[in-house]
Structure formats: C-alpha cells, structure tokens
Amino acid sequence: MRILLINDFLEAGGAEIVFHKMKDALRDSGHEVDIFFGKEKPEPSGSPLSYIYNFKTVKNLNLLLKEKRYSIVIVFNYTSVLSPALLQVLRKHKRLQGFRVLYNAHDAHLICPNSGLNYFDKGEPKLFKEYASASEFIWRRVDYRGWIYSLSKKMQWLLAYRILNLHKVFDKVLSPGIFLLQRIRRFYPSLDGTVLRNPCLGSKAEAQSGKISNDGSPLPASPLGPASRNKCGANNCVRLLFVGRLSYEKGILPFLKALRGFQREYIFDIYGTGSLEKEISDEIRRSGLTERVSLKGARSHDEILSLMSDYDALVLPSSGAEFAPLSIVEAAAHGLFIMTVPQGGMKEMAEEVDNYIFIDPVSTQSIEKAMETISLESFRPSDLKAYTFQSYKEALQHEIEE
C-alpha cells in the first residue's frame with residue numbers, strides 16, 4: 001500500500017520523532033511510504049499571508065498528488081508552515097483518487113486557535129476549560145507575542161474550520177491520549193477517532209543499541225533505590241531534569257521563581273531552546289540559582305535518552321495541556337520519578353506510568369515536599385508495553401487495514 005505522510009518540519013520536537021517512527025513502522029510492515037514537509041527545521045516565520053494560506057504548499061502538494069496515487073494520506077502538524085491550505089488540496093484529490101485521510105493529532109489545533117488550549121492574560125498563560133467559547137474566541141489573546149500574532153492565529157483557524165470546513169476531509173483522528181480525543185469528539189461529534197499511543201520505547205535501533213528493552217520494561221539499572229539515586233554528592237540531593245521547548249506555556253519561569261531561597265540540595269538541568277531562553281537565563285542569575293540550575297541547550301533525542309538515567313526526576317510544570325508528552329514515558333523507562341501538574345495529558349500520562357508526584361509549580365512548599373518524597377521513596381518499575389514500537393506498529397497496521 002502506498003502511503004503519504006505530511007508534516008510541517010522534518011526535524012524539530014516530539015511530533016517529528018513520532019512522524020519518523022510512524023514512517024519506520026509502516027515501512028517495516030511492508031508499505032511504500034513517501035513524506036511531504038514544509039521545512040527541515042523551525043526557522044523565523046514567513047509572511048502572515050503564508051501562515052494563513054500557503055500558496056507554495058498548494059502548488060507543491062498538487063504537483064505531488066498529480067504525479068503519484070496514494071491509498072492513505074496521514075497528516076501530522078501543518079499550521080506553522082504548510083498551513084491548512086493543504087487540507088483543501090487533499091479534499092480535491094481525495095475526490096479524484098478516493099484515498100483515506102487520517103489526522104495524527106499532536107495538539108488541540110482542530111478545536112482551538114492556540115494548539116495548547118492556552119490564552120494569555122496580562123502575559124500569563126491560562127488554560128481554556130474545554131475550548132474557546134465564542135466570546136473567548138473574540139476577546140482572549142491566544143499568542144503570547146501580542147494581539148497581531150493572536151489575530152493571525154484566529155484568522156487561520158476561522159478560515160479553515162468555520163468557513164471552509166476543512167476538518168471534514170479527515171476520515172479519522174488518531175489521538176495519542178484520551179484527554180485530547182474526548183475534547184475533539186465534543187467539538188466535532190461526527191468526526192471518528194481512536195487512541196493510538198505514541199511509540200516512545202523499544203524501536204529496533206533502540207533495542208539493538210541497548211538503550212531500552214524491546215518489550216518496554218525498564219533497563220536493569222533504571223529502577224534505582226534512594227541510596228543509588230544520589231548522584232550529586234550529598235545524601236539528600238535530588239537531580240532534576242527538564243526536556244522541551246523553552247516557551248511561556250512550559251512553565252519554567254514560575255517554577256524557577258518558586259526555587260528562590262530553597263535550602264535543600266538539588267540540581268536542575270534544563271535541556272532545550274526556544275523564545276524564552278534569554279529570560280530563563282536572566283531569571284537564573286537574578287534568583288541566585290547559578291550553582292544549582294543550568295541551561296544545557298539543545299541535544300539530540302538519542303543524547304537525551306542516554307543522559308536520563310543520571311537524574312532522579314523529570315520536571316514538567318506546564319501551564320498548557322501537554323496532550324501526550326513523550327518525555328514522561330521515556331523518563332519512567334529510565335527509572336525517573338515524574339514531577340508534573342495534575343491537568344491535561346500530563347495527568348493522564350503520569351497516572352499511566354506511575355511513580356508520579358503532582359505539584360503546584362509556583363509553590364515552594366509543594367516542590368520541596370515533592371523533592372523530599374523522591375529522596376526517600378524507591379522507584380517502582382512500570383509496565384510500559386503499550387508504548388513500545390512493536391505495540392505501536394501493530395495498532396497502526398490495524399488502523400491502516402480498517
């Protein structure tokens with residue numbers, strides 16, 4: 001079967017990791033797979049017009065679909081570069097070729113102009129309860145950069161889903177979690193959907209390299225007890241890890257402010273880059289945290305996995321919904337506790353993998369209590385078979401054959 005995968009970027013973050021793992025799974029199952037993407041990596045945005053409706057996407061995708069015939073097209077992210085214009089092209093060629101179109105949902109873009117279900121009140125990220133109501137759509141700012149960017153997002157969303165009804169091109173939504181799927185179903189009751197867990201663990205390459213067991217169980221050295229987890233010298237030292245994009249909705253700034261004046265021993269390493277990098281660096285200096293908190297910059301996915309077992313806990317203090325964070329499962333597989341917020345996909349995923357501690361990310365007392373728990377408790381190995389490459393490949397093949 002010939003299948004086309006579509007995504008904004010070739011390499012960027014969690015969505016792109018899943019994009020490539022889907023490609024590998026499909027090819028491993030004997031399918032012929034092509035990919036179509038907007039840019040290799042994220043870079044400064046183009047014009048506001050191309051963001052709302054990218055004519056280059058229309059031209060290039062039209063040429064591809066005239067040249068080749070596909071049985072299935074699977075769409076990942078498309079709002080940053082390709083734009084929803086690609087859905088109009090797919091609708092046209094779907095009528096001509098009869099292929100199925102699946103949407104692999106990475107975020108809430110289908111139901112909200114802000115893909116993280118966030119709005120910004122005086123610069124602070126807040127979370128919509130379900131999705132933006134009509135009045136909230138008009139009056140809430142959905143981009144931290146200001147009203148102009150917010151307006152662009154609203155115009156893109158309004159044109160795509162309220163005027164052109166481009167969501168109707170999707171035959172089915174593949175959601176990485178229940179939380180996201182429930183919200184999409186409430187917004188579009190007639191749109192079919194199912195949960196397809198992201199493949200975080202046990203790909204052939206990872207199993208062969210010894211990074212993770214092929215059945216999803218933790219590595220032998222992963223479930224560390226309190227004595228063996230003390231990696232920074234002092235008996236009560238806790239080593240914390242953050243991996244991800246450095247942006248407002250990730251909650252790193254308020255978390256750092258809550259660390260001011262901490263007396264207990266800890267180390268907090270932050271891996272990633274993003275628009276908030278300078279502000280985070282400045283906050284580390286202002287708060288006197290330079291000896292305990294380090295900005296480590298961007299690392300490859302393989303490097304992050306190799307570093308994980310050096311830490312005690314993954315910190316995910318996001319103000320957004322975080323629909324299916326890959327890092328939670330990967331951290332659990334390497335013996336890390338999860339410190340996160342009891343909302344959205346973070347709550348769902350943490351409860352799936354166990355060894356979690358819910359925190360108030362702006363409360364010094366809450367964070368300190370979580371660190372104390374981590375320093376005293378033993379890690380309980382988790383059953384992560386649902387997140388293995390093999391399980392993913394089998395579930396994906398079932399959806400392809402449907």
Side-chain angles (χ1 to χ4, degrees), residues 13-18 20-21 197-233 237-246 250 252 255 266-273 292-318 322 324-340 345-346 349-350 352-357 359 370-371 373-375 377-389:
E16 287 65 41
I17 292 170
V18 178
H20 288 291
K21 288 196 175 185
R197 294 294 187 188
N198 283 334
C200 306
L201 310 170
S203 71
K204 286 182 175 178
E206 288 165 347
Q208 290 167 0
S209 69
K211 288 176 185 174
I212 199 76
S213 59
N214 199 40
D215 66 356
S217 60
L219 295 172
S222 293
L224 304 172
S228 59
R229 279 207 312 272
N230 292 323
K231 304 183 182 74
C232 50
C237 180
V238 175
R239 191 159 183 176
L240 306 177
L241 167 72
F242 171 84
V243 181
R245 189 177 69 256
L246 303 184
K250 295 297 182 181
I252 292 296
F255 185 82
Y266 72 91
I267 287 177
F268 182 29
D269 289 341
I270 301 170
Y271 291 90
T273 59
R292 294 180 175 181
V293 182
S294 301
L295 275 173
K296 297 292 189 179
R299 302 290 178 92
S300 71
H301 184 236
D302 285 346
E303 285 181 282
I304 294 298
L305 290 179
S306 69
L307 291 166
M308 273 190 170
S309 57
D310 292 334
Y311 294 89
D312 304 310
L314 174 78
V315 177
L316 200 58
S318 300
E322 292 283 354
L326 293 168
S327 56
I328 285 183
V329 182
E330 291 167 340
H334 286 82
L336 277 69
F337 284 85
I338 311 299
M339 287 175 58
T340 192
M346 293 175 289
M349 299 292 281
E352 278 272 317
V353 304
D354 201 8
N355 297 289
Y356 61 88
I357 303 165
I359 60 170
M371 288 193 196
T373 300
I374 290 166
S375 70
E377 285 195 2
S378 297
F379 183 90
R380 302 174 299 277
S382 306
D383 181 3
L384 305 175
K385 290 182 176 62
Y387 297 92
T388 63
F389 182 80

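Keep in mind that the numbers below use all heavy atoms, side chains included, and drop hydrogens, waters and symmetry copies.
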Is any side-chain heavy atom of [Y] closer than 4.5 Å to one of [X]?
| X | Y | value |
| --- | --- | --- |
| Glu330 | Leu336 | no |
| Val243 | Arg299 | no |
| Tyr271 | Glu303 | no |

Q. For Met339, which of Ile359, Leu314, Asp312 qualifies under side chain to side chain contact (heavy atoms under 4.5 Å, CB included)?
A.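 That would be Ile359.
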Between [atom1] on residue [X] and [atom2] on residue [Y], distance to nearest 0.5 Å:
| X | Y | atom1 | atom2 | answer |
| --- | --- | --- | --- | --- |
| Lys250 | Ile270 | NZ | CD1 | 13.5 Å |
| Leu305 | Ser300 | CG | OG | 8.5 Å |
| Phe337 | Ser375 | CZ | OG | 9.5 Å |
| Ser327 | His334 | OG | NE2 | 12.5 Å |

Tell me whether [X] contacts the main-chain N or O of [Y] through its side chain, where contact means a donor paired with an acceptor under 3.5 Å.
| X | Y | answer |
| --- | --- | --- |
| Asp383 | Lys385 | yes |
| Asp269 | Leu241 | no |
| Thr340 | Leu316 | yes |

Note to self: Please enumerate all residues that pass salt bridge (charged side-chain N to carboxylate O under 4.0 Å, His left out) together with Arg245, with sequence neighbours excluded.
What the structure shows: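 Arg245 satisfies salt bridge (charged side-chain N to carboxylate O under 4.0 Å, His left out) with Glu249 only.
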TODO: Applying salt bridge (charged side-chain N to carboxylate O under 4.0 Å, His left out), name anything that partners Glu352, two or more places apart in sequence or on another chain.
DONE: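 Glu352 satisfies salt bridge (charged side-chain N to carboxylate O under 4.0 Å, His left out) with Arg197 only.
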- Message: With a 6.0 Å cut-off on the ring centroids, do Phe268 and Phe255 count as close?
- Response: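 Yes, the ring of Phe268 comes within the 6.0 Å limit of the ring of Phe255, centre to centre.
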ring-ring contact (aromatic ring centres under 6.0 Å, His included) against Tyr356, all qualifying residues, sequence neighbours excluded:
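Tyr356 satisfies ring-ring contact (aromatic ring centres under 6.0 Å, His included) with Phe358 only.
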If you compare all heavy atoms of Asn198 against all heavy atoms of Tyr387, which two are closest, and at what distance to 0.1 Å?
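Minimum heavy-atom contact is O-CD2, 3.7 Å.
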Point to revise | Closest non-hydrogen atom pair, Ile328 against Met346 | key: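 It is CD1-O, 4.0 Å.
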